[in-house]
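First, the structure itself, so that you have it in front of you.
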Amino acid sequence: MPEGHTIHRLAADLGERFGGRPVRASSPQGRFAAGAARVDGRTLSGADAHGKHLFLGFPGSGDPADGDWIHIHLGLYGGFTQGAGPPPAPVGQIRLRLATEEAPRVYADLRGPSTCELITDEGRRAVGERLGPDPLRADADPGRAWARISRSRTTIAALLMDQKVVAGVGNVYRAEVLFRHNIDPYRPGKDLARAEWDAVWADLVELMREGVRNNRIDTVRPEHTPEAMNRPPRVDDHGGEVYVYRRAGMPCHLCGERVRTAPLAARNLFWCPACQKG
DNA sequence: TCCTTATGTACAA
DNA sequence: TGTACCTAAGGAC
């Protein structure tokens, strides 16, 4: 599930449901038992996201061991299950369970994260300093990303996946935004024009905001939807309507050329060789 | 029931 | 570049 939009949506949902309330925290699986015990019963001040990193605020006592934040990264397959009412008996490996004891009762179970740790304000700043601008954050400066991209011989497809360059973009948004701007994924960053980058950034802001709203990734323009083009809708576990992501070998919605795939930056890249030249 | 794959990243060599 | 992390879902059998 997790690109940046998922994390921002989680921050909004968790903040709304648990924010300002005392929260019971536990680690049924045990791997976060010490951390959960430290925050258990404390009030969640709020939830925030930067790129794919989620921060749950539990203002500390000043003792660094108490922490100020739970820092969560879902990795490739981590995820939350949220529900209302008393939490059910734990099934499987629940790293972190949050629950309220007063009405309205809600709970959230975290499974399979690559990171779930207690950190201080300073630790949180350090995480933020390793990340590039996040299209979903109001404080983001796309010029910082441009400074990296415009000097780099690395392909734009690899740069978009580098969280130090842009935070929050993952394999789906990478493939889709490059398609939408007719950019060859193998083009070196330094060969992009500033206007192209500005357009890509503006598009990411819009696409990812919609991703937060809908809790899924849709990237096809209105004139290319299944209804508009009289084609069957995509049925895939990641949910949304896309141009090229995981469509290898299938015809491009725009030109009919077969969508190609190749490994790049440790992930499978997808693109249309006819639409994405230059 | 087993095998593969996945919206991610850190680390070793 | 390869491997480990460690979860769930889908497809092959």
Side-chain angles (χ1 to χ4, degrees), chain A residues 1-11 13 27-33 49-55 71-82 90-97 108-117 119 123 126-132 134-136 154-155 157-180 185 203-204 207-220 234-250 259 261-271:
Chain A
M1 302 257 169
E3 288 193 33
H5 71 298
T6 302
I7 313 307
H8 282 260
R9 174 58 179 258
L10 271 173
D13 287 348
S27 179
Q29 171 207 51
R31 283 189 52 183
F32 186 57
H50 189 153
K52 299 166 189 170
H53 296 255
L54 176 64
F55 303 95
H71 171 217
I72 293 165
H73 194 296
L74 296 180
L76 188 53
Y77 36 66
F80 273 94
T81 306
Q82 300 193 63
V91 175
Q93 304 286 86
I94 301 174
R95 184 79 60 87
L96 170 66
R97 166 170 277 181
D109 288 343
L110 169 64
R111 296 169 188 273
S114 63
T115 301
C116 177
E117 61 178 357
I119 61 173
V127 173
E129 279 165 13
R130 294 200 305 267
L131 296 171
D134 176 350
L136 288 171
T154 305
T155 63
L159 288 165
L160 282 175
M161 293 287 281
D162 184 341
Q163 301 298 298
K164 297 187 292 299
V165 177
V166 188
V169 172
N171 206 19
V172 183
Y173 283 121
R174 155 175 90 166
E176 294 296 309
V177 81
L178 290 175
F179 178 90
R180 284 168 59 96
D203 208 21
L204 284 172
L207 287 173
M208 293 176 76
R209 277 185 189 159
E210 194 191 340
V212 175
R213 266 197 307 281
N214 302 337
N215 213 4
R216 58 180 240 176
I217 300 178
D218 294 285
T219 61
V220 297
R234 176 194 184 81
V235 182
D236 199 341
D237 54 0
H238 90 277
E241 281 295 329
V242 294
Y243 287 106
V244 291
Y245 176 69
R246 287 221 313 204
R247 294 195 64 248
M250 299 164 74
V259 171
T261 186
L264 196 151
R267 320 306 309 280
N268 292 319
L269 171 68
F270 301 88
W271 80 104

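A note on names: the letters A, B, ... follow the listed sequences, proteins ahead of strands, and every chain is numbered from 1.
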Exercise. Using the C1' atom as the reference point in each nucleotide, state the distance between dA8(C) and dA10(B) in Å, no decimals.
Key: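 22 Å, rounded to whole Å.
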Exercise. Establish, with yes or no, whether the OP1 or OP2 oxygen of dT9(B) is under 4.0 angstrom from a side-chain nitrogen or oxygen of Gln163(A).
Key: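 Answer is yes, contact under 4.0 Å.
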Quiz item: What is the distance, rounded to the nearest whole Å, between atom CG of Asp109(A) and atom P of dT7(C)?
Solution: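 Rounding to the nearest Å, CG of Asp109(A) and P of dT7(C) are 13 Å apart.
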Practice problem: Have a look at Phe270(A) and tell me which of Leu178(A), Val242(A), Thr261(A) forms a side-chain contact (heavy atoms from CB on, under 4.5 Å) with it. | Solution: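 Among Leu178(A), Val242(A), Thr261(A), the one meeting side-chain contact (heavy atoms from CB on, under 4.5 Å) with Phe270(A) is Thr261(A).
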Quiz item: Whole-Å distance between dG8(B) P and Asp134(A) CG?
Solution: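 Rounded to the whole Å, the gap is 14 Å.
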Exercise. For nucleotides dC6(C) and dT1(B), find the distance between their P atoms and express it as a whole number of Å.
Key: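 Roughly 25 Å separates the two P atoms.
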Exercise. Identify whether any heavy atom of Glu176(A) sits under 4.0 Å from a base atom; if not, whether one sits that close to sugar-phosphate; answer base, sugar-phosphate or nothing.
Key: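 Counting heavy atoms under 4.0 Å across all strands, no contact is made by Glu176(A).
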Quiz item: Between His73(A) and dG8(B), does any side-chain N or O lie under 4.0 Å from OP1 or OP2?
Solution: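 His73(A) to dG8(B) OP1/OP2: no side-chain N or O under 4.0 Å.
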Practice problem: Describe, in one word, how the ring planes of Tyr243(A) and Phe179(A) are oriented to each other, choosing from parallel (under 30°), tilted (30 to 60°) and perpendicular (over 60°). | Solution: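 Ring orientation of Tyr243(A) relative to Phe179(A): parallel.
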Quiz item: Tell me: CG of Leu74(A) to P of dC5(C), nearest whole Å?
Solution: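 After rounding, the gap between these two atoms is 19 Å.
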Quiz item: Reckon Asn171(A) has a side-chain N or O less than 4.0 Å from the OP1 or OP2 of dG8(B)?
Solution: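 So the side chain of Asn171(A) is outside the cut-off, no N or O lying under 4.0 Å from OP1 or OP2 of dG8(B).
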Exercise. Return the nearest nucleotide to the side chain of Arg111(A); candidates are dT9(B), dA8(C), dC5(C).
Key: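 Among the listed nucleotides, the one closest to the side chain of Arg111(A) is dA8(C).
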Exercise. Could you tell me the separation between the NE2 atom of His73(A) and the NZ atom of Lys52(A), rounded to the nearest 0.5 Å?
Key: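 That separation rounds to 6.0 Å.
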Practice problem: Can you tell me the distance, in whole Å, between the CZ atom of Arg246(A) and the P atom of dG11(C)? | Solution: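 From Arg246(A) CZ to dG11(C) P: 10 Å.
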Quiz item: How long is the span from the CZ atom in Arg216(A) to the OG1 atom in Thr6(A), to the nearest 0.5 Å?
Solution: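 Nearest 0.5 Å value for the CZ-OG1 distance: 12.5 Å.
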Quiz item: Taking the side chain from Glu3(A) and the backbone from Asn171(A), do they hold a donor-acceptor pair closer than 3.5 Å?
Solution: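 Side chain of Glu3(A) to backbone of Asn171(A): a pair is present.
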Practice problem: Mind calculating the distance between CG (Leu96(A)) and P (dT7(C)) to the nearest angstrom? | Solution: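 Result: 14 Å.
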Quiz item: Rounding to a whole Å, what distance do you find between Leu76(A):CG and dA6(B):P?
Solution: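 My rounded result for the distance is 9 Å.
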Exercise. May I ask you to verify if any side-chain N or O of Gln93(A) is less than 4.0 angstrom from the OP1 or OP2 atom of dA8(C)?
Key: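 No, Gln93(A) has no side-chain N/O under 4.0 Å of OP1/OP2 on dA8(C).
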Self-check item: Nearest-Å distance for atom pair CD1/P, residues Ile94(A) and dC6(C)
Solution: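 Computing the Ile94(A):CD1 to dC6(C):P distance gives 16 Å.
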Quiz item: Just how far, in rounded Å, is P of dG8(B) from NE2 of His71(A)?
Solution: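 To the nearest whole Å, that distance equals 15 Å.
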